[in-house]
Visitor: 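First the structure, then my questions, so here it is.
In what follows, every chain begins at residue 1, and chains take the letters A, B, ... in the order their sequences are listed. Values below: every heavy atom of this structure, side chains too, minus hydrogens, waters and symmetry copies.
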Amino acid sequence: MNNKSKPTLIVLLGPTGVGKTDLSIHIANHFRTEIISCDSRQLFKEMQIGTAVPEEKILRQVPHHFIQSNSIFGSYNVAMFEADVLDKLKSLFAIHPLVLMTGGSMLYIDVVCKGIDDLPDVDSELRATLMERMKMEGIERMRAELKLLDPVYYHEVDLQNPVRIIHALEICYLTGKPFSSQRTRTAKQRNFDIIKIGLNRDRTELYDRINSRVDEMMTTGLEKEARSLYPYRELNTLNTVGYRELFDYFDGNCSLGEAIEKIKANSRKYARKQLTWFRKDPDIHWFHPDQEAEILKLITDYKLQIKD
RNA sequence: GGUGCCAUAGCUCAGUUGGUAGAGCAACGGACUGAAAAUCCGUGUGUCCCUAGUUCGAUUCUUGGUGGCACCA
């Protein structure tokens with residue numbers, strides 16, 4: 001660690017609804033820096049209420065990047081996010097020794113920190129074809145095909161998970177080589193330091209916050225927002241908690257009350273899934289959202305230690 | 001007040017011809033490098049309302065309570 005000029009990326013993460021937003025503003029102001037949002041759904045400008053995008057007056061306090069920056073009608077994926085963020089970081093680090101990234105999209109965080117294998121972007125027609133075949137021919141046929149094209153990956157993959165099987169087949173077809181031969185699964189080197197700060201709080205308290213946030217979304221107009229996106233419900237991005245449950249209600253499959261309960265339950269489930277992922281990351285320093293002073297101290301101490 | 005029905009998991013309920021019980025939802029855990037708020041996998045967490053009795057053995061049958069619901073007054 002002799003590179004004293006290395007900039008630092010602070011990663012503020014935690015489950016949905018834990019209270020990342022307020023703290024991120026404080027941290028960014030304290031270090032006079034900017035915020036990169038790491039949220040795979042707040043990226044899309046059409047989805048605002050249901051993804052809990054912070055209100056305008058909060059966003060205005062600190063420059064934010066990658067919030068409402070894309071459209072659900074375009075195509076986007078983690079690999080593009082990696083490239084876009086690295087690009088943005090390059091220009092931000094030119095003026096700030098420290099940049100804050102905040103969000104809860106687990107894979108997106110990992111990709112910024114560790115990178116992802118260099119593979120071709122998937123052609124949407126090929127994906128549609130394979131999905132159709134999965135539906136018509138069944139998962140056994142697709143498994144058998146994967147076994148032929150990539151026996152190595154066949155033995156590693158979760159054979160019950162159609163998404164994994166389809167993606168492997170896509171890469172085999174697109175590159176003409178087995179998917180497994182192109183997976184390095186090694187972390188890329190970054191030319192910046194990373195400090196990961198995880199926020200968590202008492203489970204029942206977290207659930208209370210999630211539940212009341214859903215009620216708040218409903219009073220702010222989530223139903224209307226979902227109604228306006230209903231025609232595009234087949235889009236991948238709209239397969240999102242808060243929207244798909246309402247689409248179900250629009251279809252007449254359940255009452256509005258049931259849909260709202262389902263949104264709450266699925267949001268809680270998502271929070272649990274996030275915690276499962278974060279739990280196995282040994283680099284995360286865990287705090288309660290109220291421990292702002294301790295968090296600022298951790299960052300400051302870390303910066304001093306590097307300068308020595 | 002009388003009669004009838006009900007009481008089993010956090011919730012809604014099933015079940016045991018007497019051998020301490022299981023579904024859905026909720027909850028909990030895990031996998032996951034281009035769909036990731038996606039996708040996939042796993043786990044029953046219980047004074048079977050209380051009491052006394054019959055019985056080798058009661059959550060199940062009987063007595064008496066308690067609570068709830070319905071009907072009749």
Side-chain angles (χ1 to χ4, degrees), chain A residues 13-17 37-44 47-53 72 75-84 103-124 126-128 130-131 134 139 143 153 156-175 179-180 182-188 203-204 206-207 210-211 213-214 217 222 226 234-247 254 257-258 261-281:
Chain A
L13 55 86
T16 186
S37 166
C38 193
D39 189 302
S40 70
R41 288 300 188 262
Q42 290 183 3
L43 276 167
F44 301 103
M47 306 159 77
Q48 197 156 9
I49 299 169
T51 59
V53 172
I72 57 171
S75 60
Y76 204 66
N77 60 48
V78 237
M80 296 177 187
F81 186 72
E82 179 194 14
D84 290 346
S105 297
M106 305 86 85
L107 180 63
Y108 283 56
I109 294 170
D110 276 6
V111 159
V112 170
C113 297
K114 299 191 296 199
I116 191 166
D117 287 334
D118 194 22
L119 293 171
D121 285 328
V122 172
D123 171 74
S124 61
L126 174 61
R127 171 158 298 177
L130 288 171
M131 277 168 65
M134 179 67 79
I139 196 166
R143 275 186 202 137
Y153 189 65
E156 291 171 2
V157 74
D158 175 2
L159 288 170
Q160 314 234 52
N161 192 333
V163 170
R164 298 273 136 72
I165 294 176
I166 286 180
H167 183 241
L169 288 173
E170 286 166 350
I171 299 302
C172 291
Y173 283 126
L174 283 172
T175 63
F179 176 49
S180 59
Q182 303 167 73
R183 291 208 321 159
T184 69
R185 312 196 69 197
T186 50
K188 287 180 193 164
R203 191 64 69 92
T204 55
L206 178 65
Y207 285 178
I210 289 172
N211 293 340
R213 196 174 66 173
V214 172
M217 286 174 182
L222 179 57
E234 295 308 322
L235 289 175
N236 199 329
T237 359
L238 288 178
N239 185 192
T240 295
V241 175
Y243 298 90
R244 58 180 197 216
E245 296 85 354
L246 285 172
F247 294 159
C254 65
E258 284 165 341
E261 282 315 303
K262 208 73 200 145
I263 294 173
K264 292 177 181 173
N266 285 334
S267 300
R268 296 193 297 264
K269 218 176 262 186
Y270 174 54
R272 258 180 265 143
K273 194 170 81 170
Q274 289 172 300
L275 287 167
T276 297
W277 182 294
F278 295 143
R279 215 172 276 141
K280 67 180 178 188
D281 186 341

Visitor: Using a cut-off of 4.0 Å on non-hydrogen atoms, how would the nucleic acid contact of A:F44 be classed: base, sugar-phosphate, or nothing?
Guide: nothing
Visitor: In whole angstrom, what separates A:D158's CG from B:rU33's P?
Guide: 12 Å
Visitor: Mind checking the P distance from B:rA36 to B:rG29? Whole angstroms is fine.
Guide: 24 Å
Visitor: Could you check whether A:D84 and A:Y76, counting side-chain N and O atoms only, form a donor-acceptor pair closer than 3.5 Å?
Guide: yes
Visitor: Which is true for A:M134 with a 4.0 Å heavy-atom rule: it touches a base, it touches only sugar-phosphate, or it touches nothing?
Guide: nothing
Visitor: B:rG34 P sits how many Å from A:E170 CD, rounded?
Guide: 9 Å
Visitor: Distance check, rounded to the nearest 0.5 Å: A:S105 atom OG versus A:R41 atom CZ?
Guide: 8.0 Å
Visitor: Given side chain to side chain contact (heavy atoms under 4.5 Å, CB included), test A:E258 with A:E261 step by step and report yes or no.
Guide: CA-CA 5 Å; A:E258 284 165 341; A:E261 282 315 303; 5.7 Å; no
Visitor: Please state the P separation for the pair B:rC48 and B:rG68 - nearest whole angstrom.
Guide: 22 Å
Visitor: Just how far, in rounded Å, is P of B:rG34 from CD of A:E82?
Guide: 12 Å
Visitor: Between A:L13 and A:Q274, does a side chain to side chain contact (heavy atoms under 4.5 Å, CB included) hold up when you go through it step by step?
Guide: CA-CA 10 Å; A:L13 55 86; A:Q274 289 172 300; over 6 Å; no
Visitor: Give one of base, sugar-phosphate or nothing for A:D118, where a contact means two heavy atoms less than 4.0 Å apart.
Guide: base
Visitor: Is the phosphate of B:rA26 approached by A:K269 (side-chain N or O, under 4.0 Å from OP1 or OP2)?
Guide: yes
Visitor: Report the nucleotide, chosen from B:rU33, B:rG34, B:rG30, that has the shortest atom-to-atom distance to any side-chain atom of A:R183.
Guide: B:rU33
Visitor: Please pick, from B:rU33, B:rA27, B:rC40, the nucleotide with the shortest atom-to-atom distance to any side-chain atom of A:Y207.
Guide: B:rA27
Visitor: Check if the side chain of A:K188 and the base of B:rU33 share a donor-acceptor pair of N or O atoms closer than 3.5 Å.
Guide: no
Visitor: Could you state the interatomic distance from OG1 (A:T184) to CG (A:D118), rounded to the nearest 0.5 Å?
Guide: 9.5 Å
Visitor: Which part of the nucleic acid does A:R164 contact within heavy-atom distance under 4.0 Å: base, sugar-phosphate only, or nothing?
Guide: base
Visitor: In terms of ring plane angle, is the pair A:Y108 and A:F81 parallel, tilted or perpendicular, where the classes change at 30° and 60°?
Guide: tilted
Visitor: It should be established whether A:Y243 places a side-chain nitrogen or oxygen under 4.0 Å from OP1 or OP2 of nucleotide B:rA38.
Guide: no
Visitor: Take atom CZ of A:R272 and atom C1' of B:rU43, then tell me their distance rounded to the nearest Å.
Guide: 13 Å
Visitor: Does A:K273 place a side-chain N or O at less than 4.0 Å from the phosphate oxygens OP1/OP2 of B:rA31?
Guide: no
Visitor: OP1 or OP2 of B:rA38 sitting under 4.0 Å from any side-chain N/O of A:R41?
Guide: no
Visitor: Can you find a side-chain donor-acceptor pair between A:D117 and A:Q182 that sits under 3.5 Å?
Guide: no
Visitor: When the C1' atoms of B:rC69 and B:rG10 are considered, how many whole Å apart are they?
Guide: 22 Å
Visitor: Report the nucleotide, chosen from B:rA27, B:rU33, B:rC40, that has the shortest atom-to-atom distance to any side-chain atom of A:Q160.
Guide: B:rC40
Visitor: Side chain of A:W277, heavy atoms from C-beta onward: which of B:rC32, B:rA26, B:rU39 has the nearest atom to it?
Guide: B:rC32
Visitor: Here's a test of your reading of the structure: between A:N239 and A:V78, which maps to the more 5' nucleotide of RNA chain B?
Guide: A:V78
Visitor: Write down the distance separating the P atoms in B:rC50 and B:rA38, rounded off to the nearest Å.
Guide: 42 Å
Visitor: Just call it for A:T51: base, sugar-phosphate, or nothing, with non-hydrogen atoms closer than 4.0 Å on any strand.
Guide: base
Visitor: Which parts of residues 104-114 of chain A get close to RNA chain B, meaning a heavy atom less than 4.0 angstrom away?
Guide: A:S105, A:L107, A:Y108
Visitor: Base, sugar-phosphate, or nothing: which does A:K262 touch, judged by heavy atoms less than 4.0 Å apart?
Guide: sugar-phosphate
Visitor: Suppose you measure atom P in B:rG53 against the same atom in B:rC6; what distance do you get, rounded to whole Å?
Guide: 25 Å
Visitor: Does B:rG34 fall in syn (glycosidic angle within 90° of 0) or anti?
Guide: syn
Visitor: Where the side chain of A:K280 is concerned, which of B:rA38, B:rA27, B:rC32 is the nearest nucleotide?
Guide: B:rC32
Visitor: Say you draw a straight line from OH of A:Y173 to CG of A:L126; how long is it, rounded to the nearest 0.5 Å?
Guide: 8.5 Å
Visitor: Applying a 4.0 Å non-hydrogen cut-off, can you work out what A:T186 is touching in the nucleic acid: base, sugar-phosphate, or nothing?
Guide: base
Visitor: Can you list the stems that include RNA chain B, where a stem is three or more consecutive Watson-Crick or G-U pairs with distances under 3.5 Å?
Guide: B:1-7 with B:66-72, B:10-13 with B:22-25, B:27-31 with B:39-43
Visitor: Which atom pair, heavy atoms only, marks the closest approach of A:L206 to A:A271?
Guide: CD2-CB, 4.3 Å
Visitor: To the side chain of A:P162, which of B:rU39, B:rG29, B:rG34 is closest?
Guide: B:rU39
Visitor: For A:R203 and B:rG29, is the shortest distance between a side-chain N/O and OP1 or OP2 below 4.0 Å?
Guide: yes
Visitor: Rounded to whole Å, please give me the gap between CD in A:Q274 and P in B:rG30.
Guide: 14 Å
Visitor: Taking B:rU51 as the reference, what is the distance to B:rC32 when you measure between their P atoms (whole Å, please)?
Guide: 50 Å
Visitor: Contact class for A:G50 (heavy atom, under 4.0 Å): base, sugar-phosphate, or nothing?
Guide: base
Visitor: Would A:T16 and A:R213 count as having a side-chain donor-acceptor pair, cut-off 3.5 Å?
Guide: yes
Visitor: Does NZ or CZ of A:K273 fall inside the cone over A:W277's six-membered ring, less than 6.0 Å from its centre and within 45° of the axis?
Guide: no
Visitor: Rounded to whole angstroms, how far apart are CG on A:N161 and C1' on B:rA36?
Guide: 11 Å
Visitor: Does A:R268 make a side-chain N or O approach to OP1 or OP2 of B:rA26 shorter than 4.0 Å?
Guide: no
Visitor: Can you tell me, in whole Å, how much space there is between the P of B:rG30 and that of B:rA9?
Guide: 28 Å
Visitor: For A:L246 and A:I263: C-alpha separation, side-chain torsions, deciding distance, then whether side chain to side chain contact (heavy atoms under 4.5 Å, CB included) applies.
Guide: CA-CA 8 Å; A:L246 285 172; A:I263 294 173; 4.0 Å; yes
Visitor: Applying side chain to side chain donor-acceptor pair (under 3.5 Å), which residue pairs with at least one partner in residues 160-172 of chain A are found, sequence neighbours left out?
Guide: A:R127-A:E170
Visitor: Tell me: CD of A:E261 to C1' of B:rC11, nearest whole Å?
Guide: 12 Å
Visitor: Could you measure between the two C1' atoms, the one in B:rC61 and the one in B:rU17, and give it in whole Å?
Guide: 12 Å
Visitor: Does a side-chain N or O from A:N236 land closer than 4.0 Å to OP1 or OP2 of B:rG34, or not?
Guide: no
Visitor: Using atom CD1 of A:I139 as one end and atom P of B:rC40 as the other, report the distance to the nearest whole Å.
Guide: 9 Å
